[in-house]
Amino acid sequence: MNGTANHTAYGRNTGTGMENLTLAVAKGRVLKETLPLLERAGIQVLEDPFTSRKLILPTSLVHLSLVVVRSTDVPTYVRFGAADLGVVGKDILVEYDGAGLYELLDLGIARCRMAVAEPAMKPHSVHRRLRIATKYTNTTRNFFARRGLQAEVIKLYGSMELAPLAGLADQIVDLVDTGGTLRANGLVEVETIAHVSSRLVANQASMKLKDQSIMEISERLADCLKV
Ligand code: PRP
């Protein structure tokens, strides 16, 4: 299914002459750092996304609504045109294949790195092949394959740092920001795979059918990145 960009899925007739737009933002740190950026761009979210039970939030731009979804769902919402725009980490775009999305801007927020880490006191591995625990299985497989290393990649959904401590894996691939979580668990970073920040992405059909509104939002954000 292709994105049907002239839909009004969240249905407000704005009467502004601007096309309705929906912006999907990833929950958590990305949302926390996106809100001040939107404010600086002159866009206020009219209900607090951290306390409101509403899933579709109006903004001070009558034609723009915000939806807050899991980070892994942002590319899906945008690819299928259920959202025209999205804000999501580069880690997610690489892992879940950003095909079908236009990456408009590096917003420079929620910066961190994706890294390989292992116990500082490395135990002798009991596994025949190097075992890596991660939620980024595609990125990890590609990274080790490029190195010509055979690795067994185990999918986990959280608390990655526990895996080497519990003997589940030799190494992990996870996001590192301050390094505090690694240190607290006796792990050290051995290699950086990628530098990560949040990106503004757009649905391809929306880019054609709603170009005026999309460029207006994109330029507002780009302008406040310059200062
Ligand atoms: C992330 C990441 C690490 C931690 C790194 O987890 O998965 O566990 O932050 O941050 P640090 O280097 O500053 O300690 P997050 O708390 O976002 O939750 P998650 O495990 O659900 O991804």
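Every number for a ligand or one of its atoms is a count from 1 in the order of the listing.
For R146, the salt bridge (Lys or Arg N to Asp or Glu O under 4.0 Å) criterion is met by no residue, not counting sequence neighbours.
Side-chain atoms of T139 and E95 form a donor-acceptor pair, as typed in the model, at a separation below 3.5 Å.
Checking each of D174, D91, N142 against Y136 for a side-chain hydrogen bond (donor to acceptor under 3.5 Å, both in side chains) leaves exactly one that passes, namely D91.
Here side-chain hydrogen bond (donor to acceptor under 3.5 Å, both in side chains) pairs that include residues 217-227, with residues two or more places apart or in two chains, are E216-R220, D223-K226. For the salt bridge (Lys or Arg N to Asp or Glu O under 4.0 Å) condition, the pairs that include at least one residue of residues 44-53, sequence neighbours left out, are E47-K54.
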Enumerate, one pair per line, all nitrogen or oxygen atoms of ligand 1 lying under 3.5 Å from a protein nitrogen or oxygen, stating the separation to 0.1 Å; write 'none' if no such pair exists.
{"unit_1": "ligand 1", "atom_1": "7 (O)", "unit_2": "D174", "atom_2": "OD1", "d": "3.1"}
{"unit_1": "ligand 1", "atom_1": "7 (O)", "unit_2": "D174", "atom_2": "OD2", "d": "2.9"}
{"unit_1": "ligand 1", "atom_1": "8 (O)", "unit_2": "E161", "atom_2": "OE2", "d": "2.8"}
{"unit_1": "ligand 1", "atom_1": "12 (O)", "unit_2": "D177", "atom_2": "N", "d": "2.8"}
{"unit_1": "ligand 1", "atom_1": "12 (O)", "unit_2": "T178", "atom_2": "N", "d": "3.1"}
{"unit_1": "ligand 1", "atom_1": "12 (O)", "unit_2": "G179", "atom_2": "N", "d": "2.7"}
{"unit_1": "ligand 1", "atom_1": "13 (O)", "unit_2": "T178", "atom_2": "N", "d": "2.9"}
{"unit_1": "ligand 1", "atom_1": "13 (O)", "unit_2": "T178", "atom_2": "OG1", "d": "2.5"}
{"unit_1": "ligand 1", "atom_1": "14 (O)", "unit_2": "T181", "atom_2": "N", "d": "2.8"}
{"unit_1": "ligand 1", "atom_1": "14 (O)", "unit_2": "T181", "atom_2": "OG1", "d": "2.4"}
{"unit_1": "ligand 1", "atom_1": "22 (O)", "unit_2": "K135", "atom_2": "NZ", "d": "3.0"}

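Taking the charged nitrogens against the carboxylate oxygens, E189 and R113 do have a contact shorter than 4.0 Å, which makes a salt bridge.
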